[in-house]
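I have placed the structure first, in the form of structure tokens, so that the comments after it can refer back to it.
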There are 2 protein chains.
Amino acid sequence: MDMQAFSGKPDDRLPRYQQMRDDLVRRLAQGEWAPDTAIATEAELGQFYNVSTGTVRKAIDLLVADGVLTRTQGKGTFVRRPRFDSSLFRFFRFKSVDGKPVRPTAKVLRREIVKPNEAIRSTLQLKGSDKTIHLSRVRLIEGRPVLSEEIWLPRNRFEALTGLRLGDFEDLLYPLYERLCRQIVASATEILNVEQATEDDAALLGIDVGSPVILVQRVAADFAGTPIEWRTTRGAASGFQYQVDIR
Amino acid sequence: MDMQAFSGKPDDRLPRYQQMRDDLVRRLAQGEWAPDTAIATEAELGQFYNVSTGTVRKAIDLLVADGVLTRTQGKGTFVRRPRFDSSLFRFFRFKSVDGKPVRPTAKVLRREIVKPNEAIRSTLQLKGSDKTIHLSRVRLIEGRPVLSEEIWLPRNRFEALTGLRLGDFEDLLYPLYERLCRQIVASATEILNVEQATEDDAALLGIDVGSPVILVQRVAADFAGTPIEWRTTRGAASGFQYQVDIR
DNA sequence: AAGTGGTCTAGACCACCCG
DNA sequence: GGGTGGTCTAGACCACTTT
């Protein structure tokens, strides 16, 4: 493969399709192609990297399997915009009174600039002096609180959020991140635990003290894999269900 | 592709690599290749189905992605034996008193031949007159009960288990299924829910009534996708943790 | 009609495993 | 050294979308 095609230093010991994949990820992280737009065609990529079509396809296969790209026959290969907003539906089954599935609305209760604790600092890979924006949200269905969320963001990347009025935050934060702060969430890791409701949980969620509560801890990252958001979500376990398919 | 190679009737509209995948699944389900043994080499498969190496590899890629086969360079392509015994480790973190991870032992408390209820009958795709073998197990760590399990099996496939003494059941059931009943578990679906401990749960697991309990409901299937086991597992939610990686 | 990804070929050479 | 899967080529033709 033509090494001139790379700005980085690819590892020659790796197969060409993996080197090519790595370089494509780098170009994606640099914003060379925006979400929902087509990347270069397979023929162009083959010329650029000086590899054959089979190798191009194998490199793209990896990124499609990772959920980074999608292919559409006759149209092109597109940068996939992850839809995390349905993420909680994998855990909680929210229905309105008439039984139809609904998306909870959101209300930001508090916003503050804080020094993160050690766990958040290390997870978000912050330096000792870096501060974070801390949001407290409640999510509601038909006015009834169902989830409570705590969110921490690195201040330097999300400065634009400090000027927004609390009432102007939208239900979905990730489109806001992208529009106001040019931060795109490309992947996330979530850890589930079960706790027993504290008095605060009980009052907010309208459940009994000590009844089961699901805690979802999420770390979201950009295309380069750099963590950009830490979020905890709590909800009554009575609405919880999750399905796993094993090979 | 040479249609003589197929016993079934492949759909000509499908790509050859998908037809080939379907036929390989059929041959696996028929037991043509046993778990942990090598299937025919890629060259042989290419000759047999009259396709080129690239197409053979693509068909096998699908089965590897499904977890049905594994490839080992220089050795061959092998039928994968799923290791479900570590499955619960994805949900529960079991440690002994010295902090090392351990596998719980098992003790069968009860075995009976019963008419299944409607939910189990339909899930296991049984006819109205078919009976099931019902096992009640408890799983222990260092003698302390940590999980309670209820298992239902179609009687006709698992007749051999009715003659086994309760003390002769082993910690792991799936090797037993395979050895005594020639039933191989190839895949499973698990659904997680959170409940509050009943008095029975509390007494068995040594926890407080009403404290959170994880309920895992598993349906296990053979290579052909036919369900062969229904299982519920209950354990204290305090030992529960689960991680999900998104795109 | 032109351009895109989807399928498929008929090889080649390499890396690894085992006797 | 012989056999296996892993990588890669340089095309061909097909199915689909857009102009």
Side-chain angles (χ1 to χ4, degrees), chain A residues 1-6 10-24 28 33-80, chain B residues 1-6 10-24 28 33-80:
Chain A
M1 177 161 46
D2 185 0
M3 290 311 141
Q4 294 304 98
F6 291 101
D11 189 339
D12 271 358
R13 298 165 302 182
L14 261 44
R16 294 185 183 180
Y17 68 87
Q18 283 188 32
Q19 297 179 40
M20 187 176 160
R21 190 264 310 261
D22 293 345
D23 195 62
L24 287 172
L28 284 164
W33 298 292
D36 291 339
T37 64
I39 68 170
T41 68
E42 296 184 351
E44 286 167 355
L45 290 172
Q47 283 202 326
F48 182 76
Y49 290 107
N50 195 27
V51 297
S52 72
T53 69
T55 304
V56 172
R57 288 190 62 79
K58 190 145 187 178
I60 294 180
D61 280 345
L62 294 177
L63 294 171
V64 169
D66 283 349
V68 176
L69 300 175
T70 57
R71 285 196 269 231
T72 311
Q73 181 173 142
K75 296 182 72 175
T77 303
F78 295 80
V79 182
R80 184 165 178 271
Chain B
M1 177 162 39
D2 185 0
M3 288 312 142
Q4 294 304 98
F6 291 101
D11 188 339
D12 271 357
R13 298 166 303 183
L14 260 44
R16 295 186 182 178
Y17 69 87
Q18 283 188 30
Q19 297 178 40
M20 186 175 159
R21 190 264 310 260
D22 293 346
D23 194 62
L24 288 172
L28 282 164
W33 298 293
D36 292 340
T37 64
I39 68 170
T41 68
E42 296 184 350
E44 287 166 356
L45 291 171
Q47 282 201 328
F48 182 76
Y49 290 108
N50 196 26
V51 297
S52 72
T53 69
T55 304
V56 172
R57 288 190 61 81
K58 191 148 185 175
I60 293 179
D61 280 345
L62 294 176
L63 294 170
V64 170
D66 283 348
V68 175
L69 299 176
T70 56
R71 285 197 268 233
T72 310
Q73 182 173 142
K75 295 182 71 174
T77 303
F78 295 80
V79 182
R80 183 166 178 268

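Since this is a predicted model, take the numbers as computed values, not measurements. The sequence lines fix the lettering, A, B, ..., with proteins before strands; numbering per chain opens at 1.
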Atom [atom1] in [X], atom [atom2] in [Y]: separation rounded to 0.5 Å?
X	Y	atom1	atom2	result
T77(A)	R57(A)	OG1	CZ	8.0 Å
Q19(A)	D22(A)	CD	CG	8.0 Å
F78(A)	T37(A)	CZ	OG1	8.0 Å

Any side-chain donor-acceptor pair under 3.5 Å between Y17(B) and D61(B)? no
Atom pairs under 3.5 Å, N or O on each side, protein against nucleotides 17-19 of chain D: can you list them with distances?
from: dT18(D); atom 1: OP1; to: K75(A); atom 2: NZ; distance (Å): 3.4

Interatomic distance where [atom1] belongs to [X] and [atom2] belongs to [N] [whole Å]:
X	N	atom1	atom2	value
E42(B)	dA15(C)	CD	P	17 Å
D61(A)	dC8(D)	CG	P	13 Å
N50(B)	dT7(C)	CG	P	19 Å
Q19(A)	dT7(D)	CD	P	12 Å
Q18(B)	dC14(D)	CD	P	19 Å
L14(A)	dT7(D)	CG	C1'	12 Å
Q47(B)	dG11(C)	CD	C1'	14 Å
R57(A)	dT9(C)	CZ	P	15 Å

Report yes or no: is there a donor-acceptor pair, N or O only, under 3.5 Å between the side chain of T53(A) and the base of dG11(D)? yes
Between the side-chain atoms of S52(A) and the base atoms of dG11(D), is any donor-acceptor pair under 3.5 Å? no
Mind running a 4.0 Å heavy-atom check of residues 33-40 of chain B against DNA chain D and sending the residues that fall below it, in number order? none
Going by side chain to side chain donor-acceptor pair (under 3.5 Å), name the residues that satisfy it together with D66(A), two or more places apart in sequence or in a different chain. none
Closer than 4.0 Å, any side-chain N/O of [X] to the OP1 or OP2 of [N]?
X	N	answer
R16(B)	dT9(C)	yes
T55(B)	dT9(C)	yes
Y17(B)	dT7(C)	yes
R71(B)	dG6(D)	yes

P15(A) has a side chain; which of dC8(D), dT7(C), dG5(D) sits nearest to it? dC8(D)
Proximal nucleotide (of dG5(D), dC8(C), dT9(D)) relative to the V51(A) side chain: dT9(D)
Below 4.5 Å, heavy atoms only, C-beta onward: do [X] and [Y] meet side chain to side chain?
X	Y	value
R21(A)	L63(A)	yes
Y49(A)	T55(A)	no
L24(A)	V68(A)	no

Evaluate D36(B) against V79(B) for side chain to side chain contact (heavy atoms under 4.5 Å, CB included), listing each step before the verdict. CA-CA 5 Å; D36(B) 292 340; V79(B) 182; over 6 Å; no
Verdict with reasoning, E42(B) to T53(B), per side chain to side chain contact (heavy atoms under 4.5 Å, CB included): CA-CA 7 Å; E42(B) 296 184 350; T53(B) 69; 5.7 Å; no
